[in-house]
2 protein chains.
Amino acid sequence: MQQSALLTKMASLVTLTDEDRRALEALSIDEVPVARRRALLTQGARPDHFHVLLSGWAARYEVRADGSRRITGFMLPGDFCGIHAICHASMDHAIIAITDCVVGRLDAAAVDAVAARQPAINQAIWRAKLIDEAVLRKWLLFSTDAYQSVAHLLCELYVRASTVGLAARGRCRLPLTQEEIGDALGITAVHTNRVIQRLRNERVIDLSQHELTVLDAPALTRAAAFDRSYLAPWIAGEPSASLD
Amino acid sequence: MQQSALLTKMASLVTLTDEDRRALEALSIDEVPVARRRALLTQGARPDHFHVLLSGWAARYEVRADGSRRITGFMLPGDFCGIHAICHASMDHAIIAITDCVVGRLDAAAVDAVAARQPAINQAIWRAKLIDEAVLRKWLLFSTDAYQSVAHLLCELYVRASTVGLAARGRCRLPLTQEEIGDALGITAVHTNRVIQRLRNERVIDLSQHELTVLDAPALTRAAAFDRSYLAPWIAGEPSASLD
DNA sequence: CGCCCTTTTGAAGAAAATCAAGGGCAGTGG
DNA sequence: CCACTGCCCTTGATTTTCTTCAAAAGGGCG
């Protein structure tokens, strides 16, 4: 059942043939539930499996020398985590469950084999990595203006949720605390709070009960200078600031 | 001749068999010289070739809505640029020559074919990507303290230069202007200057004539909280703050 | 009911940006 | 040969943004 998150994600990355689907469905996935705030993968681990988030939200983070935490990415259902297994490398960061979630563990060699036989699958894995990287680069563009940063993060998460069917009509679940948002943007929780309140007062968004409602999408994308094309760079086309 | 940069890099990523070497040497590389400050790849381009920097330094950057520039990575000889070709994707960033340099253009399909036949080559490309990503994540950890950020960037660049034989005995070429360093760290050139002067006054480094000399490596790595293991995560071992 | 986690608010302080201007050095051209 | 020009580095004064510290107010849950 949960396995569908992987198919949904793959289908959003490439056009899957029936054979691709069969190959994916044939993969044996070990479903591991992880409770909120528990680690999915720890720093220094050498995962020997390929991991996919099947349900819930997770975050990648690293702890600084001074003990502060920086979140370097959020993971939604269908996202891969710890592709390090492919490279027999150790994790230089940790992954934590933001909400209760279920992780799928796949045999790394089996994934390799499928990727080798089905070019589309291989392509999909590369594209997923490409997006990961593009998102990291976008995050590096933040840092100047907190208002813009928060707006951009909300746009990113809304579009990504939408891509896997978790957002509609301007609403989506956003199970992040303000502290987590701050850790992702490199600002304090206090400052995050003030920025979010400004976005609320200006009637750009509503954000409460871990539910995001985009009230004024044009204003939000304008504030964020958001262009969604980096989230699907293989699609030719004009820059697009729309969220849906 | 220049082609050796690719072999040097590959050899630093994986153990190459003679057959791997032959396969790499058999690749036809189109050598394209690019003058300082000229574009290697432009934003929006859809590269149909696989690019490798053969000599010189380059930088990946993106221009913000307000016109400011953020450098999101530096490229040294042997580094790949625009792997987007693998995914038939358009570049969401641009690449510029920091110094005069030579780029190698390889046929994407030919690289694909070699990667499919030689597992080590495929592995090497993945590892290179993994490092790219790890570097991006480290850069996200900056942003708190400019002194630490500058120190960390210097450590990163020194180690990367060293890996491809461009650094020795605490010295390496560092052809960056202070403005470029600032654009990479998200701080102004003025502030960059003050930080570098502090590092100089404290006798931690010498930096002039585009030549970096590490005078006090322990002090530098301490200031940076530097641990080089993210630059070769497949090597098991303790954290290492050493630069050589 | 009371506890913990999260959000909210206020005031003071620090880091870095901004603005402005001077100086060194290399290359160019008269 | 020397003035000129452009690029980069340097320095100072002021302002903005964000942090830090502190404390209070909600809100869900045992």
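Numbered from 1 within each chain, the chains take letters A, B, ... in sequence-line order.
Considering only side-chain atoms of B/R194, the nucleotide from D/dA13, D/dT10, C/dT8 that sits closest is D/dA13. In this structure, of D/dC21, D/dC9, D/dC18, it is D/dC21 that holds the atom nearest to the side chain of A/V190. When the nucleotides D/dC9, D/dC18, C/dA17 are ranked by their closest atom to the side chain of A/I187, D/dC18 comes out on top. For A/T188, the side-chain atoms get nearest to D/dT20 when compared with the rest of C/dT9, C/dA17, D/dT20. Closest to the A/R37 side chain, of the nucleotides D/dC9, C/dT9, C/dT6, is C/dT6. Nearest to the side-chain atoms of B/D145 among the listed nucleotides C/dT18, C/dT6, C/dA16 stands C/dA16. Closest to the side chain of B/R200, from the set D/dT10, C/dT7, D/dT11, is D/dT10. Proximity note for B/R36 (side chain, C-beta onward) versus D/dT19, C/dA17, D/dC8: the nearest is D/dC8. Of the candidates C/dT7, C/dT18, C/dA16, C/dA16 carries the atom nearest the B/A146 side chain, counting heavy atoms from C-beta on.
Between the CD atom of A/E211 and the P atom of D/dG27 there is a distance of 17 Å, given to the nearest Å. Rounded to an integer number of Å, the gap from CD of B/E179 to P of C/dA17 is 13 Å. Note: CG (A/D183) to P (C/dT7) measures 12 Å, nearest angstrom. For the pair B/N201 CG and D/dT10 P, the computed distance is 10 Å after rounding to whole Å. The distance between atom CD of B/Q148 and atom P of C/dA16, rounded to the nearest whole Å, is 11 Å. One interatomic measurement links the two molecules: CD1 of A/I181 to C1' of C/dT6, which rounds to 12 Å at whole-angstrom precision. Atom pair B/I196:CD1 and D/dC8:P shows a separation of 14 Å (rounding to whole Å applied).
Residue-level contact check: B/E180 touches neither bases nor backbone, having no heavy atom under 4.0 Å from any strand. Note on A/G182: nothing from the nucleic acid sits closer than 4.0 angstrom, heavy atoms only.
A donor-acceptor distance shorter than 3.5 angstrom exists from the side chain of A/T99 to the backbone of A/W57, with no hydrogens or angles considered. A donor-acceptor contact shorter than 3.5 Å is absent between the side chain of B/D30 and the backbone of B/R105.
Nearest-nucleotide positions on DNA chain D place B/L176 closer to the 5' end than the other of A/A189 and B/L176.
For the pair A/R198 and A/Y147, the distance from NZ or CZ to the six-membered ring centre is under 6.0 Å and the angle to the ring normal is within 45 degrees.
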Secondary structure of DNA chain C in dot-bracket form (Watson-Crick or G-U wobble, distances below 3.5 Å, | marking inter-strand pairs): |||||||||||.|||||||||.||||||||
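Side-chain contact between A/D92 and B/P233 is absent, with no heavy atoms from C-beta onward closer than 4.5 Å.
No salt bridge links B/R200 with B/D206; every basic N to acidic carboxylate O contact stays at or beyond 4.0 Å. The pair A/R70-A/E180 does not count as a salt bridge, with every side-chain nitrogen at least 4.0 angstrom from each carboxylate oxygen. Under a 4.0 Å N-O distance rule, the pair B/R228/B/E156 does not qualify as a salt bridge.
Remark: B/F50 pairs with B/F80 by the ring pair (Phe, Tyr, Trp, His ring centres under 6.0 Å) rule, at least two apart or across chains.
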